**Q** 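So that we are looking at the same thing, I have put the structure below in C-alpha cells.
Residue numbers start from 1 in every chain, and the chains themselves are labelled A, B, ... in the order their sequence lines are given, proteins ahead of strands. Keep in mind that what you see is a predicted model, and the values were worked out from it rather than measured.
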Amino acid sequence: MSISKTYNPTEVENKWYSYWLQHKFFKSVPDEREPYTIVIPPPNVTGVLHMGHMLNNTIQDVLIRRARMKGKNACWVPGTDHASIATEAKVVAMLKERGINKKDLSRPEFLTYAWEWKEKYGGIILDQLKKLGASCDWDRTRFTMDDDLSDAVIDTFIHLYKKGWIYRGVRMVNWDPQGKTAVSDEEVIRKEVNQKLYYIKYKVSNGSSTHLTIATTRPETIMADAAICINPNDERYKHLHHQKVYIPLIDREIPVILDEYVTMDFGTGCLKVTPAHDLNDYELGQKHHLPVIDILNDDGTLNEKAQILVGEDRFAARKKIATLLEEAGYLEKVEEYKSQVGFSERTNAVIEPKLSMQWFCKMDEMAKPALDYVLKGDIKLIPEKFINTYRHWMENVKDWCISRQLWWGQQIPAWYLLDGQYVIAKTKEEAFEEAKKLSSKIENLQLDDLKQDEDVVDTWFSSWLWPISVFDGFKDPNNADINYYYPTNDLVTAPEILFFWVARMIMAGHEFRGELPFRNVYLTGIVRDKLGRKMSKSLGNSPDPLDLIEKYGADGVRVGMLLSSPAGNDLMFDESHCLQGRNFFNKVWNAFLLVKGWKVDDTLANPNNIAIQWFKSRFSEALTQIEANFAQYRLSEALMDTYKLVWDDFCAWYLEMIKPAYEHPIDRETYEQTLLFFTDILKILHPFMPFITEELWHDELFGERAEMDCCIVAQMPKIEQINTQLLNDVEIVKQVITDIRNTRNSKQISPKDALELSVKINSGIDYNQYQSIIAKLGNISQFSIVNDKVSGAVSFMVSKDEFYIPLTENIDPVAETERLNKERAYLLGFLKSVDAKLSNERFMNNAKPEIIENELKKKVDAETKLKIIEENIASLAN
RNA sequence: GGGAGUUUAGCUCAGCUGGUUCAGAGCAUCUGCCUUACAAGCAGAGGGUCACUGGUUCGAACCCAGUAACUCCCACCA
C-alpha cells in the first residue's frame, strides 16, 4: 500500500466513519465492563449544526472515545428534541407557503403535516454530527416524541398531579403573541431597548378643570386601565385622594387609589394601573379589587373592549394612539427612555403579560434534593463557579408553567366534563371511569362528553426525563440498560440551559429514580467571534461548520475547537485555530512519511539507546500531565500537552536524533521502537483526531491488522517508569545544541559547516553518552572533553559546564566580553537577591527549611558560574 | 437593583498550597534558512509595571480592602 504525499481528509473521513459504523464500534450493550455514559443534549429536531454544537459535541466525542480506549463500555446516546414552539412555528410557516392556514386544519391534520415535516428534515443535524466524527450509538437514537418517551411524559404528569404538585390556575403568564402560547419565565429574554415614555393627561372628574399626568411606555393600554395609583405620602397629590379621573379618548371613569408601591420620584408619581397587561398592576389590582379588562387578542391585536383601534396590532396601535392623544390635547410630552423588554426565546416576539388559565408544576419540593446533590458534591459542576448561580436559582425557584397552547407535543392528559370539572387520566376510557367516581356526579355521562385539554406540555417537561427515558427507565424501570447505564457519567452542555434543563433533569432523576442523573456537568462557553459577539445566524458571523470541515478536515476543526476552550469560558473562535489544527495533522502525516521511508538493515547493531530511553521517559512524563488535565476536564491543556509532545519532543527532537543520514538504513531495534512510539502517539491523538489516526493505524508499516484491530478501540498506553536523571540530562543536552545553533546564527555560519566542540565539565554530567546526539544535531565534527579553558574560542555555558567552539577568524573579543559582562551582571544581581534573603533574619526564621536549602543551593550554583565567567572575561583580556 | 465572574505578551489562555531573577505556553510578529518528512516547514529572536491604589507578609501575579473597565446570571420601577 503506497501512501499519498498529502493527507486527504474527506476521503479518509468517509472511509473510516463507514468502517466504524459497519463494525459497530459505537455500539454499546451492557456487559461486565465499567460503563461510561453520556446522553447528548438533544438538539432541536429542526436545527442545523452551528458552532455551539460543534464545540459541545467535539468535547463529548473526545470524552467518549477516551473512555472507550480506557477499556470502559462507552455509550453515547444521541437524539433530538421535538422543540414544540420552534418546530410548530416552522411547520406553520411551511404550511403558509403552501397556502394552508393552520386555523383551517384539525389537530390530527396538522400533526400529520408536522410529522411529515419532521421525517423529512428531522435527521439533518444528526447526519451533520457524523461528519464531525461523533461516535454515538446511533441504534439508540431517540426523539422526545417517540411513543415511549411521550408515554413517560404523560405518566410523570399523572404521577406529579397525584402528588399534588401539578395544578391548574389563572396566572399572569408570559404570552408569546406570535407563537400564540404561554412560555415559561426562563424562555423570556430581557433586552434593553430604546422606548418612548409618553406623558398623558387624565381629567379629574370632580368638575374642576384639573388633571393629572401619568407616564407610560404603553399608551395603547390606557383603555384597559382600572385605576390611577398614587403614593399616599405624596404631598403633591393630596388633592386627588378619593377622586376619579377619565381615561382619555374613551372617557371611562376610573378611581384614584393609594398605595405605597408607587415610587414618588419616578415619572410623575402617578401610575396607571392596568391589571390585564402588567404583572405588578395585576397584583395591585388584586389588592385593591380592581376589574381586569383585557383589551388584547391572542395575536397581539386590540379587541373590541379597547373600544378604539380595534383590530390594530399593539405596536401600530401605540403609534396611532399617540397621534390621537396629541390631537386631542392629552399628550403632554414624549421622552426617550431605555427599558427592559421581554422577548420570546423561541420566536423573538415581544412578550405580552397575559392572564390565562394554565397548568403549573410546583418546584419547591423537588428543588431541595436537587440542590443538595450539587452542594454535597455528588454532582460536580465544571467549572465550580456555576454552583453559586445554581444555588441562587434553586433557592428562589418559582412554579413552572408547563402548558403550551400548541399542538406539536404531548397533549395534557386532562379531560373536561361538560360542567367544567376535569379528571387526569392517561386515556379517555380511564378518564371516563375516573369521572364516574367524581363526587358531584353527572347524570348520564357519556364517553364522548369528555374533552381532552387542547394544550401540550412544555418541551422541557419531556427533556427533563431524557437521561432516564432514553434507557426506557419509565416503561420498564428495572431493565438491563437503565440499571447498567444510569446514572450517566458526564453531561456536556451550555450554561444557558442550566435551569431549563440541567436543574430539572436532576429533579426528575431524584423524583423518578431516586438517584442523580449524572455525576459531572461540563459547562461549555458560548462560541463568539473575534469581536466577542455571539456567533449566530442572524448576525451572519458564524462560519458554516460543514464548510470548515471541508476546508480543514474534521480533525483540524476538532483540534481548532479545543485549542482554546476551557470549561465555562466563552470560546473566541477564529478560523486560524482550525488552520493550526490542520497544520498539526499535516505534521503527524509527514512524520509518518519519514518513518515509512526508512530501510532497515538487520546487520546494524548500534541502536540509539539514549534517544529511545529518553523518549520513553518523556512520553510517560507527558502522559502523566495529560491524564491529570483530563481528570480535571482541562481538555485544551491536555490537547496542548499532546501537541507539544508530538511536535516538539517526538518530531523535532526524537526523530531528528535517530534519523539516519540520507539513503542510509536504520538499525532494527531503533526502528521497532520508533514504530511502538508512533503507535502510542496515534492512540493518545485519537480522541482529538480520530480520522487521521485511524488511517495511519492501518498502514502496512504496522503489519497486517485484523479486521477489528482499530485505533478507535486500541487501549491507551500506560504510564511507565520515568528516568528523571535522563530527562534532566537531555534538557541540558538540548540546551547545548540550541547554543551551538545560536552561535552559528550569530556568527552566520551555515548549518552545513561542521564545527568542533570542547567541553570543560564542572557538573558531573557524562557527556560521552550524549556525544553522538550533540554531534548529529549540532553538526559537530569533533567533540572533545578538556580540562582547561580553550582560548581563542567562542564559549557558552550550560548548567555549570563550559563549551568552546574554536573560531579564530570570526571571534570578536570586545563583543564576547560584552556578552560575558551582561551575564556577569545578571548573576551578580541574582546573588544579591539571594543573599538579601539569606541574611534576612525573619526569612531564616519563617521560611520552610526546604525553601532555605534551595536558596543556599542557588547561591552556590550562582557563585560557581560567576567564577567561571569572570575567569573567561580575564582570559579574553589577555 | 442583587449576585457571580473576568482583567497576565499583539491575540487566545496557563500560572495548583504565597517561595528559584517568576513572569509561562500556543498562535501571531521579526531574523536567517527551499538543510531530500513536512515552507501547512526548519533554526533562532524579540514582546508583559501580572488593570489601578493601598494593606498583610521575611517574601505577593497569587491573600485582604478599595477603585476602574468588561462579561454573564437574576430582578416587575411604570
**Q** When the C1' atoms of B:U8 and B:G15 are considered, how many whole Å apart are they?
**A**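 Approximately 9 Å lies between the C1' atom of B:U8 and that of B:G15.
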**Q** Measure distances between side-chain N and O atoms of A:Asn840 and base N and O atoms of B:C58, and say whether any donor-acceptor pair falls under 3.5 Å.
**A**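 No.
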**Q** Can you check the distance between B:U35 and B:A43, where both ends of the measurement are the P atom (answer in whole Å)?
**A**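 B:U35 and B:A43 have their P atoms separated by 14 Å.
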**Q** If I pick the P atom on B:A23 and the same atom on B:C64, what distance separates them, to the nearest angstrom?
**A**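 Comparing P positions in B:C64 and B:A23 gives a spacing of 23 Å.
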**Q** Compute whether any side-chain donor of one residue and acceptor of the other, for A:Asn388 and A:Arg391, lie under 3.5 angstrom apart.
**A**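 Yes, because at least one side-chain N or O of A:Asn388 sits under 3.5 Å from a partner of the opposite role on A:Arg391.
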**Q** With syn defined as a glycosidic torsion within 90 degrees of 0 and anti otherwise, which applies to B:G47?
**A**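 Syn for B:G47; the angle stays within 90° of 0.
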**Q** With P as the reference atom in both, quote the distance from B:C50 to B:G10 in angstrom, rounded to an integer.
**A**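 Looking at atom P only, B:C50 and B:G10 are 13 Å apart.
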**Q** Give a yes-or-no answer on whether the side chains of A:Asp225 and A:Tyr202 include a donor-acceptor pair shorter than 3.5 Å.
**A**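 Judged by distance alone, the side chains do pair up.
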**Q** Report yes if at least one side-chain N or O of A:Asn583 is closer than 4.0 Å to OP1 or OP2 of B:G41; otherwise report no.
**A**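 Yes, A:Asn583 has a side-chain N/O under 4.0 Å of OP1/OP2 on B:G41.
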**Q** Can you check the distance between B:C42 and B:A4, where both ends of the measurement are the P atom (answer in whole Å)?
**A**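 Taking atom P in both B:C42 and B:A4, they lie 47 Å apart.
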**Q** Taking OP1 and OP2 of B:A25, is either one under 4.0 Å from a side-chain nitrogen or oxygen of A:Lys644?
**A**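 Checking B:A25 against A:Lys644, no side-chain N or O comes under 4.0 Å of OP1 or OP2.
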**Q** Take atom C1' in B:U49 and the same atom in B:U7, then report the distance between them in whole Å.
**A**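 Those two atoms are separated by 15 Å.
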**Q** Do A:Lys587 side-chain and B:C38 base share a donor-acceptor contact under 3.5 Å?
**A**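 Under the 3.5 Å cut-off, the side chain and the base do form a donor-acceptor pair.
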**Q** Does a side-chain N or O of A:Asn845 approach OP1 or OP2 of B:C58 to a distance below 4.0 Å, or not?
**A**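 No, outside the criterion.
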**Q** Ignoring hydrogens and angles, does a donor from either the side chain of A:Glu384 or the base of B:A4 sit under 3.5 Å from an acceptor on the other?
**A**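 Under the 3.5 Å cut-off, the side chain and the base do not form any donor-acceptor pair.
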**Q** Determine whether any donor atom in the side chain of A:Ser576 lies under 3.5 Å from an acceptor atom in the base of B:C27, or the reverse, and answer yes or no.
**A**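 No pair found.
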**Q** To the side chain of A:Arg634, which of B:C77, B:U21, B:A14 is closest?
**A**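 The closest nucleotide is B:A14.
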**Q** Look only at the side chain of A:Asp570 and the backbone of A:Ile526, and say whether a donor-acceptor pair between them is shorter than 3.5 Å.
**A**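 Checking the backbone N and O of A:Ile526 against the side chain of A:Asp570, a donor-acceptor pair under 3.5 Å is found.
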**Q** Distance check, P atoms only: B:A25 and B:A39, in whole angstrom units.
**A**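 Pairwise P distance, B:A25 against B:A39, rounds to 26 Å.
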**Q** Under a 4.5 Å cut-off applied to non-hydrogen side-chain atoms, are A:Val334 and A:Tyr199 in contact?
**A**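 Contact flag for A:Val334/A:Tyr199 side chains = no.
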**Q** When you compare B:A40 with B:A28, how far apart are their P atoms, in angstrom units rounded to a whole number?
**A**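 After rounding to an integer number of Å, I get 12 Å for this pair.
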